[in-house]
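Structure first, commentary second.
Protein chains get the first letters and strands the later ones, always in sequence-line order, with residue 1 at the start of each. This one's a predicted model, so the numbers in the text were calculated from it and none came from an experiment.
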Protein chains: 2
Amino acid sequence: MTLYGGQGDPARTLALLWRAHSPEAAAEQATGRRTGRTAPGPKQGLTVDAIIEAAIGLADTDGMERLSMRAVGERLGASAMALYTYVPSKRELVDLMYDHAHADLSHAYPRDGGLRPAVLAWADDLWNCYLRHPWLLQVSYARPVLGPHEQAVLESLLAVLHPADLPARRLRPTVSALFHLVRGAAQTAAEGRAAAAATGTSDQQWWTERSALLARLAPDFAQRFPHSTHLAGSSTDTDYDPVRQARQALDGGLRLLLDGLEQVTG
Amino acid sequence: MTLYGGQGDPARTLALLWRAHSPEAAAEQATGRRTGRTAPGPKQGLTVDAIIEAAIGLADTDGMERLSMRAVGERLGASAMALYTYVPSKRELVDLMYDHAHADLSHAYPRDGGLRPAVLAWADDLWNCYLRHPWLLQVSYARPVLGPHEQAVLESLLAVLHPADLPARRLRPTVSALFHLVRGAAQTAAEGRAAAAATGTSDQQWWTERSALLARLAPDFAQRFPHSTHLAGSSTDTDYDPVRQARQALDGGLRLLLDGLEQVTG
DNA sequence: CGGATCACTTTACGGCATACGGAGATGATG
DNA sequence: CATCATCTCCGTATGCCGTAAAGTGATCCG
């Protein structure tokens, strides 16, 4: 299921998200409204960044469903409650993780050679980020709390599309569609990969077992779903790798979209 | 977050999914391997369908995060544990809900008039289903356990695309892209709608507050993200409705894709 | 030094899915 | 009719979860 982010206190979340990027704000944030004095009490033993990175590491290896405040704390040699000094709640932590993971992107896309290779490079960059951090796809992207790295992904896509000089009413759907395609394909890929890893059976094995089962339970399948049956039958039997399949689907979808776009831009 | 389905016992799940559609299999399923005899013990007070419908009703009104076995049981005047006689676990229940909700689709799309109106009608049908059952978008669609109603959605899209006579290597990405577009747009719409309902503030209010906050925390935003700033500034200030916006993005994306498709089909 | 203030821990609460065992209903069998 | 196996459903318990509340001890200011 999708975990919804961006629902904590927006001021606090935004402050944390943009914290490192405007130094005086960060200092102000760290010390509250006291300025020039050091606070009593023990020094902080953790940092927000350490927490974010521990949480991301945990999600990368164990998956989002294993991400708990206790587990993150343990990874840092602290209790679950220790994190609450740094982060208002788990929701905000997920928002911070989400933004931070997008720092992986290179933002280096070919500038000459036209729209197509640049858009493909952007999509590939994002695709790789999603496959590295598949839990990103479990955090809804419709959330409007935007952090700097997330924003940078959009910005670099807009930079790539800029030469096409699309009006806003064209640009907006194009951007949305590109994000949806990459996310959807990456989700299919990540999930197929995870399923294979979880069950231990090979993809081919899994499919043949599944279809044998289905054939027994729904003997009229081929009559009820002739087109689906035909499509399934026409697969390149050599390639059951879900990641490669999803990637082919992505490339094909992008190609269609870019074909359509070129028709608009002339 | 996305809730992953399709991870229970596949045989059991598939049997439940296809149960109603092959009567003798359903009977066999109900009585185990005993045939022709009635079982001792009290009669069952519930049905799988009643449970599925109660669960869907709950998810529709209260959202996926409020869906619990206890709550579903309560809605049926039973305990949480009573459900486990009918359904192996919550995961399977979600799979069943997912499939059942897709029974909403009409599958009636214009047959004459070419590809475009038919594809748009299909997309509209699915979009409406998602907005009626927004929790569907929290269940990953990359799951490979397919039920009859889910399958019918794919089948009717394939029927719509059939006249174009695309080879499989073209058809597959097209189908994926169409699903991704509709799902992505619907998710944006549903989430925007939910956020507005949850916070109580109007969409416009929300946006102005958010951007004021952002302007304070990241005063260099416009310099760092010129394209994003420009795009945000060029919005039709009259229309903050997230559902309508997402729908416009969907229509634009579909248009691009169909333009690209027409180039292929000639 | 005394007290305020902080980071962090321990404990606790209510909620979750669900394993387990018991209670009672029902039909088949003697 | 009595017995018994079998079934549904419930009560309880276990071990998770997020996080509230209260306790502990370090640290700095006066």
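- Axis angle, first five pairs versus last five pairs of the helix from C:dC1-D:dG30 to C:dG30-D:dC1: 30°, rounded to 10°.
- When atom types are taken as modelled, the side chain of B:Asp125 and the backbone of B:Leu105 share no donor-acceptor pair closer than 3.5 angstrom.
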Run the side-chain contact (heavy atoms from CB on, under 4.5 Å) check on B:Val94 and B:Arg91 step by step: do they pass?
CA-CA 5 Å; B:Val94 171; B:Arg91 267 209 291 258; 5.8 Å; no

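- For the pair B:Glu65 CD and C:dC16 C1', the interatomic distance rounds to 14 Å; values are reported in whole Å.
- When the salt bridge (charged side-chain N to carboxylate O under 4.0 Å, His left out) test is applied to A:Asp62, no partner is found at least two apart in sequence or on another chain.
- In this structure, A:Lys43 atom NZ and C:dC6 atom C1' are separated by 9 Å, rounded to whole Å.
- Atom P of nucleotide D:dT8 and atom CG of B:Leu46 are separated by 11 Å, given to the nearest angstrom.
- Distance, B:Leu93 CG to C:dC16 C1': 15 Å, rounded to whole Å.
- Counting only heavy atoms from C-beta outward, the side chains of B:Leu17 and B:Glu150 never approach each other to under 4.5 Å.
- The CE-P distance, from A:Met64 to D:dC17, rounds to 14 Å in whole Å.
- Under the salt bridge (charged side-chain N to carboxylate O under 4.0 Å, His left out) criterion, A:Asp60 pairs with no residue, sequence neighbours left out.
- Shown for residues 52-62 of chain A: no residue has heavy atoms falling under 4.0 angstrom of DNA chain D.
- Contacts of B:Ala82 with the nucleic acid, taken as non-hydrogen atoms under 4.0 Å apart, involve only primed sugar atoms and P, OP1 or OP2.
- The separation between B:Glu74 atom CD and C:dC16 atom C1' is 14 Å, rounded to whole Å.
- In terms of modelled atom types and a separation under 3.5 Å, the side chain of B:Arg193 and the main chain of B:Leu131 share a donor-acceptor contact.
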Just do the side-chain contact (heavy atoms from CB on, under 4.5 Å) check on B:Leu157 and B:Phe179 with the steps written out, would you?
CA-CA 10 Å; B:Leu157 174 58; B:Phe179 270 103; 4.0 Å; yes

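- Listed for the B:Glu155 side chain is a donor-acceptor partner under 3.5 Å among the backbone atoms of A:Ser228.
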Across nucleotides 17-24 of chain C, 5' to 3', mark each nucleotide with B, S or - according to how protein heavy atoms within less than 4.0 Å reach it.
BBBB---B

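- Counting to the nearest Å, the P atom of D:dG18 and the CG atom of A:Leu83 are 10 Å from each other.
- The separation between B:Leu76 atom CG and D:dT8 atom C1' is 15 Å, rounded to whole Å.
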Please tabulate, for the side chains in residues 75-83 of chain A, all donor-acceptor contacts under 3.5 angstrom to protein atoms that are two or more places apart in sequence or on a different chain.
residue	atom	partner	partner atom	Å
A:Ser79	OG	A:Met81	N	3.4
A:Ser79	OG	A:Ala82	N	3.3

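- Side-chain contact between B:Leu250 and A:His180: absent, with no pair of heavy atoms (C-beta onward) separated by less than 4.5 Å.
- Side-chain N or O atoms of A:Tyr86 include one that pairs as donor or acceptor with a backbone N or O of A:Leu46 at under 3.5 Å.
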